[in-house]
Amino acid sequence: MDQRAEVNRLLAQYGRTHAEEAGIRLRNTPAPLYQVLVLTVLFSVRIRSDIAVAAARELFAAAMRTPRAMADTPWQERVDALGRAHYRRYDESTASALGDGAVFLLGEYGGDLRRMRDRAAGKPARIRELLREVPRIGPVGADIFCREVQGLWPELRPAFDRRALEGARALGLPETAEGLAELVPAADLPRLAAALVRTRLTHGTPDRGRRSGV
């Protein structure tokens, strides 16, 4: 199959980002950027992706959409929101991580992740380093965040992590981020990255109990 036709098929079948699934209207403003970070934290344990997305929706529905709101919400209310999404086993530790992360972001960046971007001076590696200072976010979580926001922060493009590249290899698509970027407009890079990860999990390793399996 022609590579561009295969990419179009992938985008049609699997091309929803996790931010879209969580109901985040992604813009380069503090609240939606923080919401993507919350989603990243939720994915940073061994949990099914649909449960992580559901947990994000519950938190946002309970008005925990900004660092200030998250920090001001009692710990038990965060636990309860996670529980409604069946985010079991990790609900208490994740509620703590979300609270600690919110306090960290307020103190370090005034709750605005664009200031983190400014501190990184346009260097993708530095953005990833700074993301890993947020409680519970490791290298995989930093990759997830960058994958989701690359449509807003051009310096991160093209952001295709190891899981996406493995999905591309299995489909006979280019095995480099640069090669994949040539197949779609810049606006579709987050969708293609998400689609490649999903097809890898669907047709390769099942998305079952994987750490940040997104």
Side-chain angles (χ1 to χ4, degrees), residues 7 10-44 47 49-70 81 85 98 101-102 104-106 108-120 122-124 126-128 130-132 134 136-137 140-161 163-164 167 177 180-181 183-199 212-214:
V7 165
L10 283 172
L11 291 175
Q13 188 170 359
Y14 298 111
R16 287 192 80 199
T17 66
H18 290 300
E20 289 179 284
E21 291 180 325
I24 300 170
R25 295 185 177 184
L26 199 52
R27 300 184 303 277
N28 192 33
T29 54
L33 289 172
Y34 173 68
Q35 290 159 27
V36 175
L37 193 77
V38 168
L39 194 57
T40 299
V41 170
L42 294 169
F43 275 122
S44 294
I47 201 79
S49 60
D50 59 329
I51 292 178
V53 168
R57 283 185 167 275
E58 287 291 344
L59 290 165
F60 302 153
M64 289 173 263
R65 294 184 290 269
T66 66
R68 173 53 61 196
M70 185 69 75
L98 289 168
F104 171 80
L105 292 173
L106 289 167
E108 197 72 16
Y109 303 109
D112 188 346
L113 285 165
R114 296 174 301 178
R115 296 182 183 178
M116 175 187 288
R117 181 189 185 193
D118 291 341
R119 185 175 298 181
K123 298 177 181 178
R126 182 61 176 150
I127 290 175
R128 286 176 166 83
L130 293 174
L131 285 167
R132 293 198 296 271
V134 179
R136 186 163 282 180
I137 294 181
V140 173
D143 283 343
I144 292 169
F145 181 88
C146 292
R147 194 175 76 205
E148 293 282 331
V149 306
Q150 63 180 309
L152 299 175
W153 294 0
E155 67 270 26
L156 295 175
R157 302 174 193 158
F160 292 90
D161 58 20
R163 292 158 301 284
L180 290 167
L183 299 176
V184 293
D188 281 338
L189 288 172
R191 295 179 60 226
L192 178 56
L196 289 169
V197 172
R198 282 202 182 88
T199 195
S212 298
V214 294

- Message: Keeping E148 on the side-chain end and F145 on the backbone end, is there a donor-acceptor pair under 3.5 Å?
- Response: no
- Note on the structure: Sorted by chain and number, sequence neighbours left out, side-chain hydrogen bond (donor to acceptor under 3.5 Å, both in side chains) with R157 holds for none
- Note on the structure: Between the CG atom in L37 and the CD1 atom in I144, the distance rounded to the nearest 0.5 Å is 11.0 Å
- Is the shortest heavy-atom distance from the side chain of L11 to the side chain of V184 under 4.5 Å? yes
- On a heavy-atom basis, the closest approach of I47 and A52 is CG2-CB, 4.0 Å
- With a 4.5 Å heavy-atom cut-off, do V36 and I24 have their side chains touching? yes
- Point-to-point distance, once rounded to the nearest 0.5 Å, from CG of L113 to CG of L33: 6.0 Å
- Message: One pair to check against side-chain contact (heavy atoms from CB on, under 4.5 Å): L26 and T17. What are the steps and the verdict?
- Response: CA-CA 10 Å; L26 199 52; T17 66; over 6 Å; no
- Query: Of all residues at least two apart in sequence or in a different chain, which pass the side chain to side chain contact (heavy atoms under 4.5 Å, CB included) check with A181?
  - Reply: P158, L189
- Message: Run the salt bridge (Lys or Arg N to Asp or Glu O under 4.0 Å) test against R114 and tell me which residues pass, sequence neighbours left out.
- Response: D112
- Query: Under 3.5 Å, side chain of R57 to main-chain N/O of E21, donor-acceptor pair present?
  - Reply: yes
- Please test H18 against R147 for side-chain contact (heavy atoms from CB on, under 4.5 Å), starting from the C-alpha separation and ending with a verdict. CA-CA 10 Å; H18 290 300; R147 194 175 76 205; 3.9 Å; yes
- Message: Using every non-hydrogen atom in the two residues, find where A22 and A56 come nearest and quote the distance to one decimal.
- Response: CB-CB, 4.2 Å
Distance-only check: which donor-acceptor pairs under 3.5 Å involve side-chain atoms of residues 60-69, not counting sequence neighbours?
| unit_1 | atom_1 | unit_2 | atom_2 | d |
| --- | --- | --- | --- | --- |
| R65 | NH1 | F60 | O | 2.5 |
| T66 | OG1 | A69 | N | 3.1 |
| R68 | NH1 | D72 | OD1 | 3.4 |

- Message: Main chain of V197, side chain of R163: is a donor-acceptor contact present, judged purely on distance under 3.5 Å?
- Response: no
- Note on the structure: Here the pair of heavy atoms bringing G151 nearest to P190 is N-CG, 3.8 Å
- Message: I need the Y14 OH to L192 CG distance, nearest 0.5 Å.
- Response: 13.5 Å
- Task: Working to the nearest 0.5 Å, report the span between CD of Q35 and OG1 of T29.
- Result: 8.5 Å
- Item | Least distance between heavy atoms, C146 atom then A159 atom | O-CB, 3.9 Å
- Output all residues satisfying side chain to side chain contact (heavy atoms under 4.5 Å, CB included) with L130, sequence neighbours left out; order by chain, then residue number. Y109, M116, R119, A120, R126, E133
- Query: Which residues pass the side-chain hydrogen bond (donor to acceptor under 3.5 Å, both in side chains) test with N28, sequence neighbours left out?
  - Reply: W153
- Rounded to the nearest 0.5 Å, what's the gap from CD1 on I137 to CG on D143? Could you check? 11.5 Å
- Specify the closest pair of heavy atoms between L59 and A81, including all atoms of both residues, with the distance to one decimal. CD2-CB, 3.9 Å
- Item | With sequence neighbours excluded, residues passing side chain to side chain contact (heavy atoms under 4.5 Å, CB included) with R25 | R27
- Query: With E58, which residues qualify under side-chain hydrogen bond (donor to acceptor under 3.5 Å, both in side chains), at least two apart?
  - Reply: R84
- Item | Qualifying residues under side-chain hydrogen bond (donor to acceptor under 3.5 Å, both in side chains), relative to R117, sequence neighbours excluded | E155
- Task: Write down the atom of A142, the atom of R132, and the distance for their closest heavy-atom approach.
- Result: CB-CG, 4.2 Å
